[in-house]
Novice: 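I'd like to ask you about the structure that follows.
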Amino acid sequence: MYLDAIDQACARIAPTWPLDQMIAVNPWWELREQPFASVSARLAALAQVQCLMPKEYFAALWQQNDLRPVHLRQAVAEGGVAADEAALLAHIQQPDEGLPHWLNLSDWLDSQRNLGRQMAWKDEIIHQISQFCAAYFNQGTPLSTGARGLYASWLEITRQDRGIAILMGEPDLSRQFHDLPAQADELIATALDELAVPVETTADYGHALLLDINGWASWVAYLRWQDRLQGRDNRLMQELLAIRLAWERVLWQHSQSLPPTQRDKLHYQWRQQLGSLPALIASHERSQQLTWVWQRAAELAYQQALAQQLSQPAEAAPASAPLLQAAFCIDVRSEVLRRALEAQDAGIQTLGFAGFFGLPIAYQPAGTSFSRPQLPGLLAPAVQVTESSAQIDTHTRQARWQAFSRAAPATFSQVETTGLFYAFKLLKDSLFPAKHTHPVNQHGPETVDFQLRRGEQPLSLTEKAALAGGILRAMTLTGPFAPWVLLVGHGSSSRNNPLAAGLDCGACGGQTGEINARVLAQLLNDPGVRAALREQDILIPAATCFIPALHDTTTDDITCFATGEAERHLGTVYGWLAQAGAQARAERAARLGLSDQNPDRLQQQLQQRSRDWSQVRPEWGLANNACFIVAPRQRTRHLHLAGRSFLHDYRWQQDEGFNILELIMTAPMVVTHWINMQYNASVTDNHKYGCGNKVLHNVVGGHLGVFEGNGGDLRIGLPLQSLHDGQQWQHQPLRLSVYIAAPAAAIAGIAERHEAVRHLIDNDWLYLFRLADAPGLPERYYRGQWLPTRVGQVSGEPA
Amino acid sequence: MLLIHSLQSWLPAAVPLLFLLGALAAGLPKTAWSWRVSLLTSAAALAVSLEVALLALVQPATPVSPWLSQTPLSLVMVTLISFMGFLIVRYSRHYLHGDSGGQRYQFWLQFTLASVAVVVLSNHLLVLLAAWVLIGIGLHQLLMFYPDRPRAALAAHKKFLLARLAELTLLAAIVLLYQAQQTFWIDEILAAYRSGQALDGYSQMAALLLAVTALLKCAQLPLHGWLMQVMEAPTPVSALLHAGIINLGGFLLILMAPLMVQATAAQWLLLLVAGTTALLASLIMMTRISIKVMLAWSTCAQMGFMLVECALGLYELALLHLVAHSCYKAHAFLNSGTAVEQSLQSRLADPVRRAGGGRWLLGLLLAVALVVAGFGSETVFSVTGLSMVLPLLLALVILLSECGPVWRVLLPAAGLLGLYGLQKTLFAGLVPTAAHGDLLASVWVSLLLLTLAGSYLLLRYRPHAPLARRLYIHLFAGFYLDEWVTRLTLRLWPARLPQRARPVQPTSTFTLTAGETA
């Protein structure tokens, strides 16, 4: 019974990816089966987690008139809350009440300690578990290579560690650690029994304990996620929970030696608390109810403005064949550039498609055992891509030098012989920084041939053609084809930035999209593949050339990887790209605090920024993302979406059986939701779900994650510098609004078939709207019903 | 003419003044302006110190104010400080952009730099002491830059107490030096000790206190904990601390070399404490799992090694170590964000093949051959010489055995040897060596280094042997030294730790209704 509850607690933690593959995750993904508001109340009750912005934030929105009475009224009506405007205003003007919340045993003990003279238990426990986990999960330490499990290793280390007892000034602790059972399951059973935790409270108690070490729990969830992609499973999370619970048991035993009055009080409080958890959660739910109305009103304000934009009549499709087609990633940063590129010529057509371009690949530089996935974290790679020109020698040389300079007996002379040379490196890195090059992304020249394998077998022509055909259809790129078709992946460029991968393409597993674009172009330029595609009714004219390109989102420069022959004819295209880049830069510059009107100087400033090793805000990434539009580009081509929209091209008329729609709603929609929620959570609770201040970041285990400062828990999510410019937030936490141009029945059908999708819609994790073919306001799908959008009242409202 | 002369004689003083000017510019209404001023002033400070150093090289007889020191040591130090100062100011401008405490940071950063410059330039002990105290004040403000972080507060608290202790020992040393020589002028004191008279009791005591001051300043065991824990301040503060402040202990000993070479007790204090620190800290470094903490332990070890060199009278090496380490460590900190790419690189590299016994033997023979070729067999095969070349020998053995096929690393190994010889000669021109070749000291140092090599091999090649695992666990725990100190500190002189976001809890009794009515 209690083991089920423990498993439930363990199932509530979402994964975090390592730094070199940092992709966005909704930290509440595993809680999607409950309504967001309940999750929020529960988390607040258990660990003071904030899922909502503070009241002052909404007060400011109200002051600035971003939120109007009509939005509030409508939010009240939807929420079924009995509150008028006055009550709502009074609510946000009251300071937060500071409700009681759940306290783990360590917190109860801390409340009795003199924290000026003694270390807090909570800090010490987090620090101890965190340091141990870092050593355990770091490759190449004596701990990590041991065959012993997580809990057993921890127990071994902790039993020998005199430090904790010394530091905390509690000499009997060592004995308590010796009394702990050797097995994790046994420990859990004993501890829950001694602490008298009832079965119905066990899951929440376990959850509260895991939230203390949420960073490492998320890391363990990542290892679980990877195992599950391979069809395996592990019980690391249960072991991690056992470690945290072991501390509670040690403290419980330790508390027996407190003075009797203190001990009795503690035990009484603990027993009282165990029974009161549901009431505690309910009180938080009540106190948050009106704040949720404000949150909803803020979303309505955005959605209604957008709905009016979207209800404008679409542009007519151009009659003539396009001059240039360019497929971009759905990323919100592409929207700005696409708009700029389209503005260069009416004959330029752009498409939006998930930037891994449908290639389920892992990239492996030849001659190494290193392999990294280049696709969304939801999926497992099926195809290996290798190239032969990787520069292993350089890496080996530099890695050996690193190892040498960290070998204890060599360090002294290493400093005395080569230390002075770092004076030159300091000068060079400060004053004359080179363009940043990523160790894995130093790919061969344009002519390089990428080999595709499935397992050990090279991909056959049929397999390649099937892959290519599927991708083109999903992209709605089945003809007519322009003479030039650009496949534009994207990546960022920043130096000295441990979180750089977070600015790269999430659809490519936190990498740049270069490999994916180049592999797809290679496939589509292959005459054999084209011949086979003809059998699938996709006719690519011989004159059409697919050109891979990379959009540098930091500088808005676009690099094409064209071979000599094609390159000679690309002059006009290069001109367009340069113009579009300049336009996009001008649009984004203000937010970065750059105001130079001269396009060349602006370009230079952005390039300098991307090379600056002290730059903590190379770009704003996906900050302020708010909606995902799945429709033909004609629906949005005339709109200025301000870089807040993910855009996916889709034509339901060409989608037989709605298989592509199903794919979009189960993969890209989930990915965009993850991105959206990562940003939201990092803003509302940067302490739990964001990684804090970049200037304190301290990389753990090479790539596991960062500490903020000396230690503490592993930090996940986004840093403050990616969200806040020092004056204000650059991301407004709004739940993602998804707009799909497809028949109502098809959308509803998919939502019903996929439980995860239905949970997202029905439990308020995102909003799903439908765009009808005829111009008009979108309809919202919610809990099995289609609801009209009521914008009319807004326009009648005095501002 | 007279005016120009007097201006010229005060020229070095422009370095701290320029930093101070930059500090005052922090008060400008726009941060963009104040950073621009700071950049200018720190660049000017660098230019001035380069010019002073060049002038001293070209015209060694340039008159200088008696308050200022113009020894090669001072010039090297002031150039180092202003170089670091300029780079750190430049780095901080973007790094701290948007931080609400930016102005405060800017002020204290440059205030501290100015104080360091005064310390290394001063020819008067009382001025040196005063500036030394000011460094402590400035650094404390920087370490407490985020005052609401409990670990920052704890580390800064420990640091605060130790800094006060170091100031007291320095003050006592200065008083004793005055007792012995009846003057506060540093050049007069040094001249007196250079004359070779036997040390009186005051001088012996003073040397001992100077050694204690250096050990405290250099964060030697067991009072090292704060150094590892000050990662709670922005990265450039770490760079400043590790490249420009912590090594002042070494500076003090090199400065006082004429006294220190005669003070055997002080030398042994250094040998024992700093030697043990170098051994343990470099091993502990290998068990650290986060980049900045690893770098901090490395500093602790390197400072220990530098102090050992001072104790052995190898002042030219100590100064080389001080300067080279500053550059290396400043770069390592400022560049610490590349740790992720470095780990990628090591995963892309050819997998490391564990070297077998044959490889080690070959590496050892080649390294010995190289070292003998470089230093001559009389030096290498004498006990006192061995302790001097042993660190280099160990590094070469590791390079030749572990870091690639012999034919590939032989040339780099020879290159390292050449570089070492070259720089040693260069620095010997700045600070004369005073190697005393004490047999017992050499044996002690050699033993430490061999123990280090042995433990390294054990941990690396037999990680699962029970002994290795026990050693690892103790190293991982840092031998609990800091825990004792922390607890003692909190007991003797409690810190006022900032409260964490305080759990909200009912005050007296917790009842069901409390939850319901709230």
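Chain letters run A, B, ... following the sequence lines, proteins first, then strands; residues in each count from 1. This one's a predicted model, so the numbers in the text were calculated from it and none came from an experiment.
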Novice: Where does A:F707 contact chain B at under 4.5 Å (heavy atoms): side chain, backbone, both or neither?
Specialist: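 For A:F707, the side chain is the part near chain B, not the backbone.
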
Novice: Parallel, tilted or perpendicular, judged at 30° and 60°: which one describes the rings of B:H331 and A:W613?
Specialist: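 Tilted.
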
Novice: If you measure only the distance, is there a donor-acceptor pair under 3.5 Å linking the side chains of A:N496 and B:Y95?
Specialist: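 No.
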
Novice: By a 4.5 Å heavy-atom criterion (distance strictly below it), what part of A:S130 contacts chain B: side chain, backbone, both, or neither?
Specialist: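 Neither part; nothing is under 4.5 Å.
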
Novice: Indicate the atoms forming the closest heavy-atom contact of B:S282 with A:A408, along with that distance.
Specialist: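 Result for this residue pair: O-CB, 3.4 Å.
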
Novice: Looking at A:Q727, A:R397, A:H724, A:H697, which one has more heavy-atom pairs under 4.5 Å with chain B than the rest?
Specialist: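 Highest number of heavy-atom pairs under 4.5 Å: A:H697.
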
Novice: Go through the atoms of A:A282 and report whether side chain, backbone, both or neither lie under 4.5 Å from a heavy atom of chain B.
Specialist: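 Neither part.
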
Novice: Can you tell which part of A:D20 gets under 4.5 Å to a heavy atom of chain B, answering side chain, backbone, both or neither?
Specialist: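 Both backbone and side chain.
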
Novice: Counting heavy-atom pairs under 4.5 Å to chain B, which of A:F132, A:F370, A:F412 comes out on top?
Specialist: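 If we count pairs closer than 4.5 Å to chain B, A:F412 comes out on top.
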
Novice: Under 4.5 Å from any heavy atom of chain B, what part of A:Q160 do you find: side chain, backbone, both or neither?
Specialist: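 For A:Q160, the contact with chain B is made by backbone and side chain together.
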
Novice: Listed by chain and number, what are the ring-ring contact (aromatic ring centres under 6.0 Å, His included) partners of B:F476, not counting sequence neighbours?
Specialist: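 ring-ring contact (aromatic ring centres under 6.0 Å, His included) check on B:F476 returns B:Y472.
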
Novice: Taking only Lys NZ, Arg NE, NH1 and NH2, and the carboxylate oxygens of Asp or Glu, determine whether A:R400 and B:E402 approach each other closer than 4.0 Å.
Specialist: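 Result for this pair is no, no salt bridge flagged.
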
Novice: For A:A134, which atoms come within 4.5 Å of any heavy atom of chain B: side chain, backbone, both, or neither?
Specialist: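 For A:A134, heavy atoms of backbone and side chain both lie under 4.5 Å from chain B.
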
Novice: With a 3.5 Å cut-off and no angle check, do the side chains of B:E341 and A:H436 form a donor-acceptor pair?
Specialist: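 Judged by distance alone, the side chains do pair up.
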
Novice: Which residue out of A:K694, A:Q615, A:Q131 racks up the most heavy-atom pairs below 4.5 Å with chain B?
Specialist: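 Heavy-atom pairs under 4.5 Å are most numerous for A:Q131.
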
Novice: Is it the side chain or the backbone of A:E416 that comes within 4.5 Å of chain B heavy atoms, both, or neither?
Specialist: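 Contact with chain B involves both backbone and side-chain atoms of A:E416.
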
Novice: Measure distances from A:F424 to the heavy atoms of chain B and classify the residue's part below 4.5 Å as side chain, backbone, both or neither.
Specialist: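 No part of A:F424 comes within 4.5 Å of chain B.
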
Novice: Between B:V409, B:T338, B:L348, which residue shows the highest count of heavy-atom pairs closer than 4.5 Å to chain A?
Specialist: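 Most heavy-atom pairs under 4.5 Å with chain A: B:L348.
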
Novice: Please check: side-chain N/O of B:R90 versus main-chain N/O of A:S430, any donor-acceptor pairing under 3.5 Å?
Specialist: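 Such a contact is found between B:R90 side chain and A:S430 backbone.
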
Novice: Taking A:R617 for its side chain and B:H97 for its backbone only, find out whether a donor-acceptor pair lies under 3.5 Å.
Specialist: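 Side chain of A:R617 to backbone of B:H97: a pair is present.
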
Novice: May I ask you to name which of A:H687, A:R495, A:K425, A:R372 has the most heavy-atom pairs under 4.5 Å with chain B?
Specialist: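 So the answer, after comparing A:H687, A:R495, A:K425, A:R372, is A:K425.
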
Novice: List the atom of B:H94, the atom of A:V616, and the distance in Å for their closest heavy-atom pair.
Specialist: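 Heavy-atom minimum between the residues: O-CG2, 3.8 Å.
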
Novice: Check whether A:N698 gets within reach of chain B through its side chain, its backbone, both or neither, counting any heavy atom under 4.5 Å.
Specialist: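 Contact with chain B is through both the backbone and side chain of A:N698.
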
Novice: Would you name the heavy atoms of B:A324 and A:L420 that are closest together and state the gap between them?
Specialist: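 Smallest heavy-atom distance, with atoms named: CB-N, 3.8 Å.
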
Novice: Heavy-atom distances under 4.5 Å only: say whether A:Q128 touches chain B with side chain, backbone, both or neither.
Specialist: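 Neither part; nothing is under 4.5 Å.
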
Novice: Please answer whether the main-chain N or O of B:L392 pairs with a side-chain N or O of A:S413 as donor and acceptor at a distance below 3.5 Å.
Specialist: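 Such a contact is found between A:S413 side chain and B:L392 backbone.
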
